[in-house]
Amino acid sequence: MPLRPLCRRDDIADPGARGFVFGEGLAREDVFLVRRGGLVRGYRNACPHQGAPLETFPDQFLTADGATIICSLHGARFRVEDGACIAGPCLGKSLVPILLIEMEGVFHWEVRDV
């Protein structure tokens with residue numbers, strides 16, 4: 001499976017997040033990494049409510065207190081740990097996780113066919 005290098009752990013604030021875009025047009029893939037308390041998780045950048053990207057401004061995926069991931073379009077909130085929606089119109093749904101592999105201090109996305 002192909003690996004796409006993303007960034008180092010220290011490239012993401014704690015708490016914080018960072019988005020990545022690969023390709024364009026129909027081949028475009030948006031993902032993001034989120035870090036809180038040393039935990040790093042990766043998700044596809046698409047709200048399960050309408051499929052829209054979560055952030056309005058680059059890398060702004062977290063609430064002001066850094067406690068949860070938020071969709072800037074309609075305010076849905078998601079747990080950092082597992083991407084589960086805990087408030088908003090997609091309650092009970094989850095963000096789609098991506099498989100992360102940390103090698104030599106760099107996080108890589110292991111791209112798998114969906």
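Just so you know, these numbers use all the heavy atoms, side chains as well, and skip hydrogens, waters and symmetry mates.
- The side chain to side chain contact (heavy atoms under 4.5 Å, CB included) search around Q60 returns F57, not counting sequence neighbours.
- Within the 4.5 Å cutoff, the side chain of E55 has no heavy atoms near those of the I69 side chain.
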Practice item. In sequence, state the C-alpha distance, the side-chain angles, and the governing distance for F22 and W109, and then conclude on ring pair (Phe, Tyr, Trp, His ring centres under 6.0 Å). Key: CA-CA 11 Å; F22 297 94; W109 170 25; 5.8 Å; yes
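- The shortest side-chain heavy-atom distance between L62 and I70 does not fall under the 4.5 Å cut-off.
- Although no hydrogens or angles enter the test, the distance criterion places a donor-acceptor pair under 3.5 Å between the side chain of N45 and the main chain of L54.
- C47 is listed as a side-chain neighbour of H74, based on a closest heavy-atom distance under 4.5 Å.
- For the pair R4 (side chain) and H108 (backbone), a donor-acceptor distance under 3.5 Å is absent.
- For the pair D30 (side chain) and V21 (backbone), a donor-acceptor distance under 3.5 Å is absent.
- Across all their heavy atoms, C90 and A76 have their closest contact at SG-CB, 3.7 Å.
- Looking at every heavy atom in both residues, C7 comes nearest to F20 through SG-CZ, 3.7 Å.
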Exercise for review: I would like to know whether V80 and T68 meet side-chain contact (heavy atoms from CB on, under 4.5 Å); could you show each step before the answer?
Suggested key: CA-CA 6 Å; V80 169; T68 57; 5.6 Å; no
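- Salt-bridge check for R79 with D82: passed, with a basic side-chain N closer than 4.0 Å to an acidic carboxylate O.
- Taken from CD in E104 to CZ in R8, the straight-line distance is 8.5 Å, to the nearest 0.5 Å.
- Cluster partners of L73, using a side-chain heavy-atom cutoff of under 4.5 Å among ILVMFWY residues and allowing indirect links: none.
- Inter-residue side-chain proximity for I98 and V96 is flagged as unmet; no heavy-atom pair is nearer than 4.5 Å.
- In this structure, the side-chain hydrogen bond (donor to acceptor under 3.5 Å, both in side chains) partners of S72, at least two apart in sequence or on a different chain, are T56.
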Practice item. Output, in order, the C-alpha distance, side-chain angles, deciding distance and verdict of side-chain contact (heavy atoms from CB on, under 4.5 Å) for R18 and D11. Key: CA-CA 8 Å; R18 187 166 173 196; D11 292 337; 3.4 Å; yes
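- In this structure, S94 and P48 have side chains that are not in contact, with every pair of non-hydrogen atoms separated by 4.5 Å or more.
- Within the 4.5 Å cutoff, the side chain of E110 has no heavy atoms near those of the L100 side chain.
- Residues satisfying the ring pair (Phe, Tyr, Trp, His ring centres under 6.0 Å) test with Y43, not counting sequence neighbours, are F32.
- The existence of a salt bridge linking R36 and E81 is confirmed by a sub-4.0 Å separation between a basic side-chain nitrogen and an acidic carboxylate oxygen.
- Pairs passing the ring-ring contact (aromatic ring centres under 6.0 Å, His included) check and including a residue from residues 75-97, sequence neighbours excluded, do not occur.
- Side-chain atoms of R9 and F107, non-hydrogen and from C-beta on, do get closer than 4.5 Å to each other.
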Point to revise | Verdict with supporting geometry, V34 and V40, side-chain contact (heavy atoms from CB on, under 4.5 Å) | key: CA-CA 6 Å; V34 61; V40 176; over 6 Å; no
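- A continuous path of ILVMFWY side-chain contacts below 4.5 Å connects F61 to L95, so both sit in one hydrophobic cluster.
- Hydrophobic cluster of I101: the remaining members, joined at side-chain heavy-atom separations below 4.5 Å, are L3, M103, listed by chain and number.
- Taking CZ from R35 and CZ from R41, the interatomic distance works out to 13.5 Å, rounded to the nearest 0.5 Å.
- Here the side chain of R44 pairs no donor or acceptor atom with the backbone of V31 at under 3.5 angstrom.
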